[in-house]
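Written below as C-alpha cells is the structure these notes are about.
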Amino acid sequence: MKVLILTKNITAEQKLQERLQYLGHEVFCTQQSVADFTNPLYTKVLFNIFESVVISETISQRESVETIRFFNQKKYDITILRKVEQLHEELEAEEVESLHTEATIEELREKFQERQRVGQDFEQAEKLFFNNVEFERLNFSKNERKVIEALYESPGKCVARNTLCEYLWRAGATNSNLSQMSVLINKIKEKCKRADISENAIKTIWGQGYTIDRQFSSFLAERHFFEKAN
C-alpha cells in the first residue's frame, strides 16, 4: 500500500514511517501545507498514487477538519486517518478513522491491510506529485509569464529577441530591454530547473532567439497554466 503522511515535522513521523515500511508499505512523508492538497491541481495526481493518507498530530485541528471534509465531499477511494492520542469530538462527527500516536506493529498491520487498487508507479508518481506542488510555488513574475506565453503560442518556432521585447515593452528592443530579456529567460530556466520540471525549459538559439521545450509546453498545458494566470 502507498501511504502519504502529512506533517509539520518529518522527524516526528520517523517511527511510524519505519514501522509501515517494515510491514511492506511505501511511505511518502511531506511537510507541504495541508491547503496544497485541496487544490484541484494536485488531487488527480494525489489519488492516483496513494491509498491512505495519515494526518499527523502536528497538524492543527482546523486544518485537519478542512482536509477531511474536502476528501469526504469528493468521495475519493482513499482511507483518511488522523494520528492522535485521543480523537476530538469534531473529528468523530466527520467519521474519520483514528490512528494512535503509539500504535503497535500489530495495530498498524490491521489498519493498513492491503487493498487491490491499481495506481501509478510509485517513483514516477512521487516525482510528478512533487513537481505539481513545486510548480504551484514557482511564482513567475508578470513579465516572466508574458515571455512563457509568447513562446508557448509559437510551438516549435524560434521567437526573435526583438519580437519578445516588443511584446513586453512599448520601447521595444532597446539595449536595456534586450539585457532585461536575457535576465528573464535565465530566471525562468533556473526556476524550472530548481523545481525539477525541465532541465532546459526554454532553449536559446544563438543569434536568433528562443524556443520553448516541447516537454515544458506539455507540462504547462496539462496544468492549465494560462487559465490560472487570468
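Only a predicted model underlies this, so the values are computations on that prediction, with no experimental measurement involved. FYI, side chains are in, hydrogens and waters are out, and symmetry mates aren't considered; it's all heavy atoms of this structure.
Between Ser154 and Tyr210, the closest side-chain pair of non-hydrogen atoms is not below 4.5 Å. Considering only heavy atoms from C-beta on, Leu6 stays 4.5 Å or farther from Thr58 through its side chain. Considering only heavy atoms from C-beta on, Thr7 stays 4.5 Å or farther from Val54 through its side chain. The shortest side-chain heavy-atom distance between Leu184 and Leu164 does not fall under the 4.5 Å cut-off. Side-chain contact check for Val159 versus Glu153: every heavy-atom pair is 4.5 Å or farther apart.
With respect to Glu66 and Arg62, a salt bridge is recorded, a charged nitrogen being found less than 4.0 Å from a carboxylate O.
Across Cys158 and Gln208, no two heavy atoms sit closer than the pair SG-CB, 3.7 Å. Nearest heavy-atom pair, Gly156 versus Thr211, reported as atom, atom and distance to 0.1 Å: C-OG1, 4.2 Å. The shortest heavy-atom contact between Ile55 and Ser64 is CG2-OG, 3.4 Å. Closest heavy-atom contact between Arg19 and Ala103: NH1-O, 2.6 Å. When all heavy atoms of Ala12 and Lys83 are compared, the pair lying nearest together is O-NZ, 4.1 Å.
For the pair His25 (side chain) and Phe112 (backbone), a donor-acceptor distance under 3.5 Å is present. Distance alone, capped at 3.5 Å, places no donor-acceptor pair between the Ser217 side chain and the Asp213 backbone. Put simply, the side chain of Arg109 never gets that close to the backbone of Leu23: no donor and acceptor are under 3.5 Å apart. Looking at Glu57, its side chain never comes within 3.5 Å of a backbone N or O of Val84 through a donor-acceptor pair. Distance alone, capped at 3.5 Å, places no donor-acceptor pair between the Arg82 side chain and the Glu97 backbone.
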Run the side-chain contact (heavy atoms from CB on, under 4.5 Å) check on Ile59 and Lys8 step by step: do they pass? CA-CA 6 Å; Ile59 302 292; Lys8 296 291 187 181; 3.8 Å; yes

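A parallel orientation is assigned to the rings of Phe28 and Phe50, their planes being inclined by less than 30° (bins at 30° and 60°).
Qualifying salt bridge (charged side-chain N to carboxylate O under 4.0 Å, His left out) partners for Lys157, counting only residues two or more places apart in sequence or in other chains: none. By the side chain to side chain donor-acceptor pair (under 3.5 Å) test, Asn9 pairs with Thr11, sequence neighbours left out.
Residue Glu13 holds its CD atom at 10.0 Å from OG1 of Thr101, rounded to the nearest 0.5 Å. Within the model, atoms CG of Leu16 and CD of Glu102 stand 10.5 Å from one another, a figure rounded to the nearest 0.5 Å. Ile202 contributes atom CD1, which lies 4.0 Å from atom CD1 of Ile185 (distance to the nearest 0.5 angstrom). The CG atom of Leu108 sits 6.0 Å away from the CG atom of Leu99 when rounded to the nearest 0.5 Å. Note that CD1 of Ile205 is 13.0 Å distant from CZ of Arg161, once rounded to the nearest 0.5 Å. Here the SG atom belonging to Cys192 is positioned 14.0 Å from the NZ atom belonging to Lys187, to the nearest 0.5 angstrom.
Side-chain contact of Lys189 with Thr204: a donor-acceptor pair under 3.5 Å is present, judged by distance alone.
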Which pairs would a plain distance check flag for residues 165-177, meaning a side-chain donor or acceptor within less than 3.5 Å of a matching protein atom at least two apart in sequence or in another chain?
| unit_1 | atom_1 | unit_2 | atom_2 | d |
| --- | --- | --- | --- | --- |
| Thr174 | OG1 | Asn177 | N | 3.1 |
| Thr174 | OG1 | Asn177 | ND2 | 3.3 |
| Asn177 | ND2 | Gly172 | O | 2.7 |

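Taken together through direct or relayed side-chain contacts under 4.5 Å among Ile, Leu, Val, Met, Phe, Trp and Tyr, Tyr22 and Met1 form part of one hydrophobic cluster.
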